[in-house]
Amino acid sequence: MKFSGLVLASLATSGAAFTSTSNGARTSFSKLSAVAVKEEQKLDLKPGFTLEEAPLLMDPVADMTEEDAAKAIQPGRYNNKDNSIALPFLLRPNKLDGSHAGDYGFDPLGFTETEDLYTMQEAEIRHARLAMLAVVGWPLSELIAPEWMLQSGGRAPSVLNGFNPLTFLATVAVFGGLGYFEFKTSLRSNTQTEFGKIHRQDMSQVWNYGVAGDYNWDPLNLYNSIGDDAMSRKGLRDVELSHGRSAMLGISTFAAWEALTGHAITDSFGMFFHPNLALPALVFGYTFFNAVYEVENNERYVLQISKTSEGEAYLETLKLSLPAALRGEGPSSEETMSNLSEAAEKAQELFAKAQKAYASMSDSYLEYSTQNMEKKD
């Protein structure tokens, strides 16, 4: 049996999967090229089986039911929005309709119109994952690495900070390994892997290529931790991209700051990297403020701070949980002062008794030591 026709059919579908369509449907095999149609004669197919049905042999979503299709990601989430969510003063790019994780309509330079969308998604997720590792490794190296591995001022070795011979060789080795990994996986096929099949089902109503960044790797089984469905998996991919984008901005800031100032990031922003009380206090204050108050902007004013109904209930619950004296329901100030005076007098008496007991023990020990010395003499 010859598979050349099937291969041509698959390639035709693969190339059409990236083209923009109004309804997000996949390209029909009835529009294959004449060359592929001619290959139908060379296939060892059953009677009545045509080339248009050949993809059913390989397509893991071909036997999806209507119920399964309804559970998949539906295209056009932002079709009712004319403007970009990330940049409201610009129109929403045509291909960024909210179907993919991390899509907020951000493409001010129009790359989605001229470049392959899947390829750019793959590049972004690779850079995001690398940045998440780097944004942890950079300050960690400045905190625990020996001084001879760092640059002047305790800075991490980098393109802008410079290298010594050892760190240069190590960096070349690491990035050489990453480059080899990228080369070996850039054209990988995951259509028949466990996650590949799941992703193709999840994205079957959007396109035929699953999701970018799929390496079929989840050793801790966290991918379905919030739900074993398409929307839950998309939510986790959205979280990963959000963290990765923040990490890309963070690591860029680290490199630029150290190159411009000559000071290590761990010294310039020591509050985040050394034990202190300032950071927990700021986190507590920020959390408490957001739990009680909300900031609103209206047509006339901005940054209007008001207490929410949940915040009022939270404050009332907190007030009831405090001791009576702190709630203003305790004894009067005169009674409180009287009680404090009595407590102070009792504390003085107790302290005096403790001093007297200590003096007695000291005298007894001195007398015992003197007697022992006399016996030795």
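Keep in mind that what you see is a predicted model, and the values were worked out from it rather than measured.
The local environment of CG in L260 is crowded, with over 12 non-hydrogen atoms from other residues, nucleotides or ligands closer than 6.0 Å. Annotation for F289: atom CZ counts as buried by contact number, over 12 foreign heavy atoms lying within 6.0 Å. Remark: F111 CZ is loosely packed, at most 12 non-hydrogen atoms of other residues, nucleotides or ligands lying under 6.0 Å away. Surrounding CZ of F175 are at most 12 heavy atoms belonging to other residues, nucleotides or ligands under 6.0 Å away.
Side-chain contact check for D214 versus N216: some heavy-atom pair is nearer than 4.5 Å. L150 places a side-chain heavy atom less than 4.5 Å from the side chain of P157. Annotation: side chain of K234 is not in contact with side chain of D202 (no heavy-atom distance under 4.5 Å). Taking the side chain as every heavy atom from C-beta outward, M248 and M132 never approach each other to under 4.5 Å. Looking at heavy atoms from C-beta onward, R200 lies in side-chain contact with N208 at the 4.5 angstrom threshold. For the pair Q304 and V295, the minimum side-chain heavy-atom distance is 4.5 Å or more. Counting heavy atoms from C-beta on, the side chains of L220 and S225 never come closer than 4.5 Å. Using a 4.5 Å cut-off on side-chain heavy atoms (C-beta onward), S306 and Y293 make no contact.
With no hydrogens or angles considered, a side-chain donor-acceptor pair links T185 and R126 at under 3.5 Å. Using modelled atom types, one finds no donor on one side chain facing an acceptor on the other under 3.5 Å when comparing N190 with T193. With hydrogens and angles left out, the side-chain atoms of R245 and S242 include no donor and acceptor closer than 3.5 Å.
At a threshold of 4.5 Å between side-chain heavy atoms, the hydrophobic network of Ile, Leu, Val, Met, Phe, Trp and Tyr places I198 and I226 in one connected group. V283 is connected to F272 through a chain of hydrophobic side-chain contacts under 4.5 Å among Ile, Leu, Val, Met, Phe, Trp and Tyr, so both are in one cluster. With hydrophobic clusters built from ILVMFWY side chains whose heavy atoms lie under 4.5 angstrom apart, L117 shares a cluster with M203. V136 and I144 fall within a single hydrophobic cluster, where Ile, Leu, Val, Met, Phe, Trp and Tyr are joined by side-chain heavy atoms under 4.5 Å apart, directly or via other members. At a threshold of 4.5 Å between side-chain heavy atoms, the hydrophobic network of Ile, Leu, Val, Met, Phe, Trp and Tyr places V135 and L143 in one connected group.
Within the 3.5 Å criterion, the main-chain N or O of V239 finds a donor-acceptor partner in the side chain of H243. Looking only at distances, a side-chain donor or acceptor of S99 sits under 3.5 Å from a matching main-chain atom of G76. A donor-acceptor pair under 3.5 Å is absent between the side-chain atoms of D238 and the main chain of A101, judged by distance alone. At distances below 3.5 Å, at least one donor-acceptor pair connects side-chain atoms of N276 with backbone N or O atoms of M271. Of the possible polar contacts, one joining the K95 side chain to the T112 backbone as a donor-acceptor pair under 3.5 Å is found. The backbone N or O of F163 sits nowhere less than 3.5 Å from a side-chain atom of T167 that would complete a donor-acceptor pair. A donor-acceptor pair under 3.5 Å is absent between the side-chain atoms of N221 and the main chain of N224, judged by distance alone. Side chain of W207 to main chain of G210: a donor-acceptor pair is present (N/O by atom type, distance under 3.5 Å, no hydrogens or angles). A donor-acceptor pair is defined here as one N or O able to donate and one able to accept, closer than 3.5 Å; such a pair exists between the side chain of E258 and the backbone of I265. Between the side chain of N161 and the backbone N or O of A156 there is at least one donor-acceptor pair closer than 3.5 Å.
The line from CZ of F273 to CG of D267 is 10.0 Å long, rounded to the nearest 0.5 Å. Taken to the nearest 0.5 Å, the CG atom of L90 stands 13.0 Å off from the CG atom of D82. Distance CZ/R188 to CD/E182: 10.0 Å, rounded to 0.5 Å. If you take OG on S158 and CD1 on I251, they are separated by 8.5 Å, rounding to the nearest 0.5 Å. Put simply, CG on D97 and CZ on R77 are 10.5 Å apart, with the number rounded to the nearest 0.5 Å. The structure places CG of L96 at 12.5 Å from OH of Y104, a figure rounded to the nearest 0.5 Å.
At least one cation-pi condition fails for R92 and Y78: the charged atom is not both under 6.0 angstrom from the six-membered ring centre and inside a 45 degree cone around its axis.
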Practice task
Decide side-chain hydrogen bond (donor to acceptor under 3.5 Å, both in side chains) for D229 and S232; before the verdict, give the C-alpha distance in whole Å, the side-chain angles of both, and the deciding distance to 0.1 Å.
Solution key: CA-CA 6 Å; D229 58 88; S232 298; 2.9 Å; yes
Handout entry: From CA spacing to verdict: side chain to side chain contact (heavy atoms under 4.5 Å, CB included), F254, R155
Key = CA-CA 10 Å; F254 287 1; R155 297 174 298 159; over 6 Å; no
Practice task
Check the pair W217, F195 against side chain to side chain contact (heavy atoms under 4.5 Å, CB included), reporting the backbone distance first and the verdict last.
Solution key: CA-CA 8 Å; W217 190 77; F195 285 126; over 6 Å; no
Handout entry: Criterion side chain to side chain contact (heavy atoms under 4.5 Å, CB included) on D228 and R233, from CA distance to verdict
Key = CA-CA 7 Å; D228 189 8; R233 286 187 284 270; 2.7 Å; yes
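Aromatic ring pairs are classed by plane angle as parallel below 30°, tilted from 30° to 60° and perpendicular above 60°; the pair F284 and F288 is parallel.
Taking each heavy atom of N164 and W148 in turn, the nearest pair found is ND2-O, 2.9 Å. Minimum heavy-atom separation, A128 to G244: CB-CA, 3.5 Å. P108 and L87 make their closest contact through CB-CD1, 3.9 Å (heavy atoms, listed as atom of the first residue, atom of the second, distance). The two residues A72 and A230 come nearest to each other via the heavy atoms CA-CB, 4.2 Å. When every heavy atom of S84 is checked against every heavy atom of G105, the shortest pair comes out as OG-O, 2.6 Å. What you find for R237 and Y223 is that their closest heavy atoms are NH1-OH, 2.7 Å.
At a threshold of 4.0 Å, the pair K307-E294 does not count as salt-bridged, since none of the basic side-chain nitrogens sits closer than that to a carboxylate oxygen.
Partner of I73 under the side-chain contact (heavy atoms from CB on, under 4.5 Å) criterion, chosen from H100, H199, M231: M231.
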